[in-house]
Amino acid sequence: MQTKEDIGKDRLLWMYNQMVRIREFEERVKRTFVEHPGVIRGHTHLADGAEASIVGALSTRNDDDPVMPSYRCHGYPIVLGTRPGRIMAEIYGRRDGLCKGFGGSMHLADPAHHFPGASGIVGQGIAHATGVALTAQVKNTGQVVYSFFGDGSSKQGAFFESLNLAAIWKLPIVFILENNQYQAYTHISLEDANAAAGDPLSKKAEAFSIPGVTVDGNDVLAVREEVAKAVARARAGAGPSLIESKFYRFSAHGNAITVPPVPTQFPQHEAVEVYGRKAEYEAARASDPIARFRSQLINDGLLTEAEARRIEDGARAEMEDAVRFALASPFPSPEEALNYVFA
Amino acid sequence: MAREMMFAEAIAAAISEEMERDPNVVYYGQNMAMTERDPFLKKFGKNRVRITPISETAEMGAAVGAAMTGLRPIVELYMAEFMLVAFDEAINEAPRLRYMSGGQVKVPLVFKAGFGFAAGWAGQHSNCTYHAMMGIPGLKLAIPSTPADAKGLMTAAIRDDNPVVYLHHYMLTIDKGEVPDGDYIIPFGVADVKRSGTDVTIVATAWMVKKALAAADKLAEEGISAEVIDPRTLAPLDVDAILTSVNKTGRLVIVDQATRHASAAVVIAAEVAERGFQSLKAPVKLVTSLDATIPYSEPLESYVLPSEDKIVQAVKSVLIENAAAV
């Protein structure tokens, strides 16, 4: 187990900063629905609550390790070094967007930062990530692929087929199952056999004879620890692992599905809106992974209140800029719609 | 130089030559390369030639991810129907990811599958589903009818920077023909006139080209000159070549092994109706499978499929005076 001293203050503060940046970005996306109604079209999914899980995992990366998330994909590129303004501009459908306005929230891609692209179809990104690992293996690049997906995805055929294939080929990949407890609007106990039986979802790894572990996804250092082990194993050529990172999604699955011109907004979380479990939701919010890491760092004397505020103010200013940049960016011209159909 | 080869050998030759040329080409599928005796395995090794489990979603999905990051995978799917299990990858992933990324990635891969196996394979292994892949922006679709075309189109498919569905007709597998040696590429979107004629244009693909040519021979005996055109790729589709021919003959019969409303024929007919209406001296005639799942028993199977006789009849029907009234 790496201690905080092993990790080092700089890296720990980097991790805290990344978590705060993701949260602040997602807050700005959410606020856009209120402050600039109509600017965000379609369906948008947020990563608030997932910050410790995302950052803990990505803190173990080598600079060229590919990252393959699901359609809930805003958080990862923020950590990888993508300019938040370009992500926001994509979500706003603008020309300066990461994908020039062709993809939107669910289909971000930044191959220059080792993020080849996200699929909007639940679970299919797991198969794509497996293929990215095939490239790494065939070309012997030494890379390990980080495949992120939700608990809902783990009931897709793509999940079972990909884990079996990755295991049989000993592909350099780590499968990170982000269990945020709700498959879209459905509580996990209603759709997952392991959950219904009171077992962890990491039990699915047994079906492929690969390591499977469940980790507290609200604990950034615990996530880092388990992912590091799995990455080391994959990099050594021993094949994939499954890590269930358990946390709670703070926002609803996505913005409400409305038909134009009715403006859309984020409804309350399903726990409250659908199931009436206000206490569950409030307890989850009370164990916020960012607040938890913050007080840990302060208690350990690694962060002062003033430093923490500086990080938080910095993220706020950065994401304020991102919104300004995105709003100022022009729309693509209509005839550009026929670009990029074929290579 | 050219030498005589079977259809299947021509495809294998193209794959082998491309794998020699480009180390990024990998080839995998179910039940292939199982022993050290496999010629591909011997030549290219386990890293590039692989056996997969029966997992079309993982096979095709992994190809998408691998293609996005620098490989050129060829997925051996055996039967086009097996692709249906993972149709999302063929239709909603491989052709969309480049576009959705704003042109940042490309997805060069080949989904290779046989189809149309009209030899008692019954209801789930001998249908034609290519219509569903024709109009998908970003997806190309090759459907050769001769060993030479099979090689040239496979070479083009592997070198293409876009996802390609390569469909080879099972009934052509052991057909022989002259195949050029070495680099031989047939560009996509270029139809081939398989037989020149002046009275009627017959458009056909794959096995139906063979039937159309046999029908044209029969018609020639009766003094009817049929031109047979094989588009060779359905996406892109060489509409201009078809229009040029129809402009010459004034009559069009489209032969397609698929059922009528799920055929490539209806698309071709629509293009000609819109752009070649003035050339037509008679209504366009479609010879397609009858609207039934392909049955097992031989007489039933023959009954629903297009045949040489049905093509001959269709041609005669568009040639008679006042065909529009028939």
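Numbered from 1 within each chain, the chains take letters A, B, ... in sequence-line order.
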K.L.:
Quick one: pull up OH in A:Y340 and CG in B:L97 and give me the separation to the nearest 0.5 Å.
P.N.:
16.0 Å
K.L.:
Compare all side-chain heavy atoms of A:Q124 with those of B:V64 and state whether any distance is below 4.5 angstrom.
P.N.:
no
K.L.:
Can you give me the closest heavy-atom contact between A:V132 and B:G65, atom names plus distance?
P.N.:
CG2-O, 3.6 Å
K.L.:
For the residue pair A:N339 and B:Y99, what are the closest heavy atoms and their distance?
P.N.:
O-CE1, 3.0 Å
K.L.:
Would you please name every residue forming a side-chain hydrogen bond (donor to acceptor under 3.5 Å, both in side chains) with B:T35, sequence neighbours left out?
P.N.:
none
K.L.:
Against chain B, label A:N140 side chain, backbone, both or neither, depending on which of its atoms sit under 4.5 Å from a heavy atom there.
P.N.:
neither
K.L.:
Can you check whether B:Q104 reaches A:D110 side chain to side chain, under 4.5 Å on heavy atoms?
P.N.:
yes
K.L.:
If I measure from the heavy atoms of chain B, does A:A136 come under 4.5 Å with its side chain, its backbone, both, or neither?
P.N.:
neither
K.L.:
Say whether, by atom type as modelled, one donor and one acceptor occur between the side chain of A:T135 and the main chain of B:A66 under 3.5 angstrom.
P.N.:
yes
K.L.:
Looking at every non-hydrogen atom in both residues, tell me the closest pair between B:E89 and A:A127 and how far apart they are.
P.N.:
OE2-CB, 4.4 Å
K.L.:
More than 12 heavy atoms of other residues, nucleotides or ligands under 6.0 Å from NZ of A:K139: is that the case?
P.N.:
yes
K.L.:
Hey, are the side chains of B:E59 and A:L165 touching, using non-hydrogen atoms and a 4.5 Å cut-off?
P.N.:
no
K.L.:
If I measure from the heavy atoms of chain B, does A:Q156 come under 4.5 Å with its side chain, its backbone, both, or neither?
P.N.:
neither
K.L.:
Testing the basics here: between B:E93 and A:S119, what is the closest heavy-atom pair and its distance to 0.1 Å?
P.N.:
OE1-OG, 2.8 Å
K.L.:
What pair of heavy atoms forms the shortest contact from B:R50 to A:V138, and how long is it?
P.N.:
NH2-CG2, 3.8 Å
K.L.:
Select one option (side chain, backbone, both, neither) describing which atoms of A:A158 are under 4.5 Å from chain B's heavy atoms.
P.N.:
both
